[in-house]
Amino acid sequence: PMEEPLHQVLALFERDVGLTVAVSYARRGQLAAKVRGADHPDVVIATQDEMDMLGRDDQIQSASRAALCRVGFGVAKHKSAPALDLSSTDALKQALLQAKSLSYADPQDGPAGRQAIAVVERLGIADALKTKTRLGTGSNPVASTGFGDVEMGLYPIDEILRAPGVTLAAPLPAELQQWTRYDVALIGGAPNRSEARRLLAFLIGASARASLKAKGFESFE
């Protein structure tokens, strides 16, 4: 999820600071092996639970760990579909019940699907939505909404913003919001310690946060 926004942030860093950053990515469950691998990185960005795991294994410099950004959940609709009234929890509930079809990520593929299920369960409509729910799979699970195969989708806002043919109808109401938090930290024994500290400071600075926000990742301030 961080690949596209991070690419833009690092371009700013390289322009403003004059250092080049080599980046690699890992899927959930593969991050610890990546950190311990032969390429031994200097800085890691990970979800809060993944960073907790790295901290327990003494893979990061815990004192350097900082909150980077967070991304919430929203409602996706086809870009040509009429506007939806999602101004309250009850309005969202009625919109989901009235929708002909709904999509969210397969819960077996990661936390996004489980977060969407938590939302419909809190609304008390999980059983009512079962027969019209289609699980999104693959690298672009929001695509079914963009193709017009389903009427509404429940997805992380960053996925909605980068999906073709899709519009963010609205973020979830505050009382239902599901957040995924991303942290940044220095790796224990980082080989390029001075440069790594400069990168970490840049990532939590104003210009990086503004760039991330444009992609749906909010800061904590």
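Each residue takes its place number in the sequence, starting with 1. The model shown is predicted, which means the values in this text are computed figures rather than measured ones. We use all heavy atoms of the structure for the numbers below, so side chains are in, but hydrogens, waters and symmetry mates are not.
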Rounded distance [0.5 Å steps], [atom1] in [X] versus [atom2] in [Y]:
X: S88; Y: Q94; atom1: OG; atom2: CD; result: 9.0 Å
X: C69; Y: L203; atom1: SG; atom2: CG; result: 9.5 Å
X: S211; Y: L12; atom1: OG; atom2: CG; result: 5.5 Å
X: K93; Y: Q98; atom1: NZ; atom2: CD; result: 12.0 Å
X: I204; Y: S219; atom1: CD1; atom2: OG; result: 11.5 Å
X: M51; Y: S62; atom1: CE; atom2: OG; result: 9.5 Å

Minimum side-chain heavy-atom gap [X]-[Y] below 4.5 Å:
X: R70; Y: T180; answer: no
X: Y25; Y: K34; answer: no
X: L199; Y: V21; answer: yes
X: K79; Y: V166; answer: no

For [X], I'd like to know if atom [atom1] has over 12 heavy atoms of other residues, nucleotides or ligands within 6.0 Å.
X: Q108; atom1: CD; answer: no
X: H40; atom1: NE2; answer: yes
X: F147; atom1: CZ; answer: no

Spell out, yes or no, whether [X] and [Y] are grouped together once hydrophobic residues are joined by side-chain heavy atoms under 4.5 Å, including indirect joins.
X: V43; Y: I60; answer: no
X: W179; Y: L168; answer: no
X: I157; Y: L68; answer: yes
X: I187; Y: V23; answer: no

How would you list, by chain and number, every residue that makes a side-chain hydrogen bond (donor to acceptor under 3.5 Å, both in side chains) with [X], sequence neighbours excluded?
X: R65; result: D52, D183
X: E4; result: K215
X: S207; result: none
X: D106; result: none

Going by the ring-ring contact (aromatic ring centres under 6.0 Å, His included) test, which pairs reach into residues 184-206, not counting sequence neighbours?
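For residues 184-206, and leaving out neighbouring residues, the ring-ring contact (aromatic ring centres under 6.0 Å, His included) pairs sorted by first residue read F13-F202.
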Between L212 and M2, is the side chain to side chain contact (heavy atoms under 4.5 Å, CB included) condition met? List the steps.
CA-CA 9 Å; L212 289 170; M2 290 295 298; 4.0 Å; yes
Not counting sequence neighbours, which residues clear salt bridge (Lys or Arg N to Asp or Glu O under 4.0 Å) with [X]? List them please.
X: D158; answer: R162
X: D149; answer: R134
X: K130; answer: D127

Taking all atoms of both residues into account, what is the closest heavy-atom pair of [X] and [Y], and its distance?
X: P41; Y: P191; result: O-CD, 4.0 Å
X: P171; Y: Q177; result: CB-NE2, 4.2 Å
X: P141; Y: E159; result: CG-OE1, 3.6 Å

Side chain to side chain contact (heavy atoms under 4.5 Å, CB included) for L54 and V44? Distances and angles first, verdict last.
CA-CA 10 Å; L54 293 173; V44 60; 4.1 Å; yes
Within the side chain of [X], is there an N or O that forms a donor-acceptor pair under 3.5 Å with the backbone of [Y]?
X: R181; Y: Q48; answer: no
X: H78; Y: G146; answer: yes
X: S64; Y: L186; answer: yes
X: D85; Y: S87; answer: yes
X: K77; Y: G153; answer: no
X: R36; Y: Q59; answer: no
X: E121; Y: A126; answer: no

Which pairs count as side-chain hydrogen bond (donor to acceptor under 3.5 Å, both in side chains) when at least one residue sits in residues 184-205, sequence neighbours excluded?
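As it turns out, the side-chain hydrogen bond (donor to acceptor under 3.5 Å, both in side chains) pairs with a partner in residues 184-205, which skip direct neighbours, are D42-N192.
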Sorted by chain and residue number, the side chain to side chain contact (heavy atoms under 4.5 Å, CB included) partners of E50 (sequence neighbours excluded) come out as R28, L31, A46, T47
Could you work out, with ring pair (Phe, Tyr, Trp, His ring centres under 6.0 Å) as the rule, every residue matching F217, not counting sequence neighbours?
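For F217 the ring pair (Phe, Tyr, Trp, His ring centres under 6.0 Å) partners, ignoring immediate neighbours, are Y182.
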Which hydrophobic side chains are connected to L123, either touching it within the sub-4.5 Å cutoff or through other members that do?
F73, V75, L84, L86, L92, L96, L97, L102, Y104, I117, V119, V120, I125, L129, L135, M152, L154, L172, L176
Evaluate the side chain to side chain contact (heavy atoms under 4.5 Å, CB included) criterion for residues T89 and E175: first the C-alpha distance (whole Å), next the side-chain angles of each, then the deciding distance (0.1 Å), finally the verdict.
CA-CA 8 Å; T89 295; E175 58 269 27; 2.3 Å; yes
Verify the distance criterion only: is there a donor paired with an acceptor across the side chains of Y155 and T145 at less than 3.5 Å?
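Short answer, no.
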